[in-house]
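Data block below; observations after.
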Protein chains: 2
Amino acid sequence: MAKNEMLPGTLGMLILRVLQPGPIHGYAIAQRIHTLSKELLQVEEGSLYPALQRMLLKGWVKAEWGISETNRKVRFYKLTAEGRRQLQSEIEDFDRVLQGIQSVMSKA
Amino acid sequence: MAKNEMLPGTLGMLILRVLQPGPIHGYAIAQRIHTLSKELLQVEEGSLYPALQRMLLKGWVKAEWGISETNRKVRFYKLTAEGRRQLQSEIEDFDRVLQGIQSVMSKA
DNA sequence: GAGACAAACCTAGCGCTTCAAGGCATAGAT
DNA sequence: ATCTATGCCTTGAAGCGCTAGGTTTGTCTC
């Protein structure tokens, strides 16, 4: 985990979260995570698209081809009901594990 | 990431942190993480020992055979100077990335 | 003493995730 | 016509954690 990277295991949660307000296209997901994190996080395309494929297979998102604001053929991703449930579940898991980590880190 | 698991990428940091106060043996590291985390984290032996091997190779810890309080042959692990530096570095990385994650999760 | 159990160490192999490094297509600008 | 940025995708390698085994040895029970 070097300078500008992800915490393994959290990429799915971040993507789902960014999709929550409404459908956006793949490329924009990475940009949105980048800016929302104040440039602290950087999602590589080689991580992004495979992750989206996995989510499609699991039924957490649906994809649809369309045209972007910049007049380009893009693929819009949208949360499914199951995806919404999955997001909640991942948030709970993350919060619990994070609490465990912080307990150890502070009171070791 | 199911019920009682680790966040990938944080195991090394947790082990280094638990070793910080002083040398303890491998098996006790897992127990200590378990109890310090209030049973929220569970380190499997199949994760623990390979992780310790990696740290030995990188020179972050040193190992020494000895006898435990329960009169058993055990391997005590001890932080090296480099391990202390590594711990600080991992803490900084983790804090920065965590801040990024929380920014995204709250303000998406 | 025999057997059972838990402490404590370890390894092999699988599966998953991330990343680096490429390739492809097209809209808009020069 | 060429270039640049946008946008999608795949392949291969590397790393990590887990499952599922196995070994040794101290302690306790009968």
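The model shown is predicted, which means the values in this text are computed figures rather than measured ones. Below, chains carry the letters A, B, ... as their sequence lines are ordered, and counting in each starts from 1.
Whole-Å rounding puts the Leu57(B) CG to dG15(D) P distance at 12 Å. Rounded to whole Å, the distance from CD on Gln42(B) to P on dG17(D) is 15 Å. Distance, Phe76(A) CZ to dC8(D) C1': 13 Å, rounded to whole Å. As rounded to whole Å, 11 Å separates atom C1' of dG17(D) from atom CD1 of Ile15(B). Taking atom CD1 of residue Ile29(A) and atom P of nucleotide dC8(D), one finds them 8 Å apart after rounding to whole Å. The separation between Leu52(B) atom CG and dC16(D) atom C1' is 14 Å, rounded to whole Å. Regarding Leu48(A), its CG atom lies at a distance of 14 Å from the C1' atom of dT10(D), rounded to whole Å. Distance Glu90(A) CD to dC16(C) C1': 14 Å, rounded to the nearest Å.
Arg54(A) has a side-chain polar atom (N or O) that falls below the 4.0 Å cut-off from OP1 or OP2 of dT17(C). In this model, the phosphate group of dT10(D) is approached by a side-chain N or O of Gln53(A) to a distance below 4.0 Å at OP1 or OP2.
Partners of Thr35(B) by side-chain hydrogen bond (donor to acceptor under 3.5 Å, both in side chains), not counting sequence neighbours: none found. Residues passing the side-chain hydrogen bond (donor to acceptor under 3.5 Å, both in side chains) test with Glu45(B), sequence neighbours excluded: none. Annotation: side-chain hydrogen bond (donor to acceptor under 3.5 Å, both in side chains) contacts of Gln20(A) (sequence neighbours excluded): Arg17(A).
Distance from the side chain of Trp65(A) is smallest to dC8(D) among dC8(D), dC19(C), dC9(C). Proximity note for Glu44(A) (side chain, C-beta onward) versus dA20(C), dA27(C), dT11(C): the nearest is dA20(C).
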### Task
Sugar-phosphate means primed atoms, P, OP1 and OP2; the rest is base. With that split, encode nucleotides 3-8 of chain C 5' to 3' as B, S or - using protein heavy atoms under 4.0 Å.
---BBB

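Map Gly46(B) and Leu11(A) each onto its nearest nucleotide of DNA chain C; the residue landing nearer the 5' end is Gly46(B).
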Tell me which donor-acceptor pairs under 3.5 Å the side chains of residues 76-83 of chain B have, and how far apart each pair is, sequence neighbours excluded?
unit_1, atom_1, unit_2, atom_2, d
Thr80(B), OG1, Gly59(B), O, 2.7
Thr80(B), OG1, Trp60(B), O, 3.1
Thr80(B), OG1, Glu82(B), N, 3.4
Thr80(B), OG1, Gly83(B), N, 3.0

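Evaluation of the side-chain hydrogen bond (donor to acceptor under 3.5 Å, both in side chains) test over residues 65-76 of chain A, restricted to residues two or more places apart or in two chains, returns Ser68(A)-Thr70(A).
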### Query
Going through the distances and angles, do Leu16(A) and Ile91(A) end up as a side chain to side chain contact (heavy atoms under 4.5 Å, CB included)?
CA-CA 10 Å; Leu16(A) 292 175; Ile91(A) 290 176; over 6 Å; no

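For Glu64(B), the CD atom counts as loosely surrounded, since its 6.0 Å shell holds 12 or fewer non-hydrogen atoms of other residues, nucleotides or ligands.
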